[in-house]
Amino acid sequence: MNAPRQYWLMKSEPDECSIDHALAAPNGTVAWVGVRNYQARNFMRDAMRIGDGVLFYHSGCAEPGVAGLAEVASVPYPDPTQFDHRSPYFDPASKPAQPRWMLVDVKAVERIPLVSLARMRAEAALADMQVLRRGNRLSITPVTPDQWRAMLRLASR
DNA sequence: GCCAACGTTGGC
DNA sequence: GCCAACGTTGGC
């Protein structure tokens, strides 16, 4: 018996990896590299399961918001960029025998009409969404089934 | 470019 | 273990 599907919101800067980049990647799948926050890492390492739903969020851009749907597509494994001297995500303190940073693959499912951050903030059904909380800086946050359904409704308009 | 908010680092 | 300084996130 499979565990119930869980839902997540994952932030990406579209300059680096937009929903279109992900859709164009082989198999529509990208490794979620570069997370250097322990809480966000723990979600990927300990809580995510293959098939979990992902709201693909664009941050650090002119129009922040959810731009696509995706799903978790792998079990956790070490983020290769932590060992790459030329990568901005290089972490000299992390050793291959004991990798500090783990990630999952994310498979893009579809682009959706942008559900903007402002629209999300205006939506009563999303009032308690973790990503909208004041001061939130986590790039990966859980989404409840009700919030997931509300986002699908907003995306279909 | 500004700035609020928060995480991390490192001296003590 | 405290806490100030610093760095980062991310919206505006």
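Note on naming: letters A, B, ... go to the chains in the order of the sequence lines (proteins, then strands), and numbering restarts at 1 for each one. Everything quoted here is computed from the prediction, not taken from an experiment.
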Spacing of A:Glu63 atom CD relative to C:dC12 atom C1', expressed in whole Å: 14 Å
Whole angstrom is fine here: how far is it from CZ in A:Arg36 over to P in C:dG10? 14 Å
Roughly how many Å is it from CG in A:Leu117 to C1' in C:dC12, rounded to a whole number? 10 Å
Euclidean distance, atom CG of residue A:Leu138 to atom P of C:dT9 [Å, nearest integer]: 12 Å
Can you label the angle between the A:Phe43 ring and the A:Trp8 ring as parallel, tilted or perpendicular, going by 30° and 60°? tilted
Passes salt bridge (charged side-chain N to carboxylate O under 4.0 Å, His left out), A:Asp91 versus A:Arg36? Steps please. CA-CA 9 Å; A:Asp91 181 354; A:Arg36 294 295 179 268; 5.3 Å; no
Taking OP1 and OP2 of C:dG10, is either one under 4.0 Å from a side-chain nitrogen or oxygen of A:Lys11? yes
Rounded interatomic separation in angstrom, taking CG from A:Asn136 and P from C:dG11: 10 Å
Starting at CG of A:Asn37 and ending at P of B:dT9, how long is that distance when rounded to a whole Å? 11 Å
At under 4.0 Å, does any side-chain N or O of A:Tyr57 touch on OP1 or OP2 of C:dG11? yes
Return the value, rounded to whole Å, for the distance between atom CH2 of A:Trp101 and atom P of B:dG7. 13 Å
Under-4.0 Å salt bridge between A:Arg49 and A:Asp52: no
Proximity of A:Tyr89 and A:Trp32 rings by center, below 6.0 Å: no
Out of B:dG7, C:dG11, C:dG10, which has the shortest distance to the side chain of A:Ser139? C:dG10
If I take atom OH in residue A:Tyr38 and atom C1' in nucleotide C:dT8, what distance separates them, rounded to the nearest angstrom? 15 Å
